[in-house]
Amino acid sequence: DEVGRGSLIGPVYAAAVILKKSIDKKILKDSKKLTKSKREILSKYIKRNSTWAIGKASVKEIEKINILYASLLAMKRAVINLKKKPAVVLIDGNQLPKIKNYKLKCIVRGDQKIPSISAASIIAKVTRDKFITSLDKKFRGYHWNKNYGYCTRQHLRAIKTLGITPHHR
């Protein structure tokens, strides 16, 4: 799963997760349906109980190939970064990244239906949020520690007042 497609700033992140059989799948939900503190707790739990990897696509890549293809590129990088090759890669959405020698399957709303995709959404969101929060310390006034670069009134006002940064896309 990926995160950051709708943001006005920063890379798009994706995570790939292979869950251990012993993990409690009932507690895994779409990251958007969890509080920040619950996501952070679950992210640590998932990392201890799975094989996982992160992939991302930079602002320059997003600007060059567009956000959809950059999201698919981030997903491809996450899958390739896994230490184990999965039997099948389940992708949230209706578009597949191009990854040679992998069996791929799209699942619309997969982050709400498939525990491994939910787990990936949680890890990707927590990882990207930490990165954006670190940027907030360098670019005061945009309130990225609260809006994470998404198109809020507060963020739009900051852009109007302060201008764009190298992290805007």
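Note that the structure is a prediction, hence the values are computed from the model and not measured.
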Is any side-chain heavy atom of [X] closer than 4.5 Å to a side-chain heavy atom of [Y]?
X      : Y      : answer
Thr133 : Leu135 : no
Ile91  : Lys105 : no
Leu162 : Tyr142 : yes
Thr127 : Ile123 : yes
Tyr45  : Ile27  : yes
Ile18  : Ser116 : no
Val17  : Thr51  : no
Ile164 : Ile159 : yes

Quick one: pull up [atom1] in [X] and [atom2] in [Y] and give me the separation to the nearest 0.5 Å.
X      : Y      : atom1 : atom2 : result
Cys151 : His155 : SG    : NE2   : 8.0 Å
Leu73  : Ile67  : CG    : CD1   : 10.5 Å
Ile107 : Asp1   : CD1   : CG    : 11.0 Å
Ser134 : Asn145 : OG    : CG    : 11.0 Å
Ile41  : Ile46  : CD1   : CD1   : 11.5 Å

Given the rule that I, L, V, M, F, W and Y join up when any side-chain heavy atoms are under 4.5 Å apart, are [X] and [Y] in one cluster?
X      : Y      : value
Val79  : Ile65  : yes
Leu72  : Leu90  : no
Ile80  : Leu82  : no
Ile54  : Ile132 : yes
Ile117 : Val88  : yes

Between the side chain of [X] and the main-chain N/O of [Y], is any donor-acceptor distance below 3.5 Å?
X      : Y      : value
Arg39  : Leu34  : yes
Ser121 : Ser118 : yes
His168 : Thr165 : yes

Please name the pair of heavy atoms, one in [X] and one in [Y], separated by the smallest distance, quoted to 0.1 Å.
X      : Y      : answer
Ile9   : Gly149 : CG1-CA, 3.5 Å
Ser43  : Ile122 : N-CG2, 3.8 Å
Arg169 : Pro11  : NH2-O, 3.8 Å
Leu19  : Ala119 : CD2-CB, 3.9 Å
Cys106 : Gly93  : CB-O, 3.3 Å
Ala70  : Ile62  : CB-CG1, 3.6 Å

Under the side chain to side chain donor-acceptor pair (under 3.5 Å) rule, what pairs show up with a residue in [range], not counting sequence neighbours?
range           : result
residues 5-18   : Ser7-Arg128
residues 75-102 : Glu61-Arg77
residues 21-33  : Asp30-Lys32, Lys32-Asp111

Is there a side chain to side chain contact (heavy atoms under 4.5 Å, CB included) between Asn147 and Gln154 once you walk through the steps? CA-CA 8 Å; Asn147 62 46; Gln154 185 181 49; 4.0 Å; yes
Pairs where residues 142-165 contributes a residue and the test salt bridge (Lys or Arg N to Asp or Glu O under 4.0 Å) is met, not counting sequence neighbours: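 Listed by first then second residue: nothing to list.
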Enumerate the salt bridge (Lys or Arg N to Asp or Glu O under 4.0 Å) contacts for residues 113-127, please, sequence neighbours excluded, ordered by first and then second residue.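 Only Lys125-Asp129 qualify under salt bridge (Lys or Arg N to Asp or Glu O under 4.0 Å).
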According to the ring pair (Phe, Tyr, Trp, His ring centres under 6.0 Å) rule, which pairs have a member within residues 121-140, sequence neighbours left out? Phe139-Trp144, Phe139-His167
Under the side chain to side chain contact (heavy atoms under 4.5 Å, CB included) rule, what do Glu40 and Lys44 come out as? Steps first, then yes or no, please. CA-CA 7 Å; Glu40 289 172 355; Lys44 289 176 187 169; 5.6 Å; no
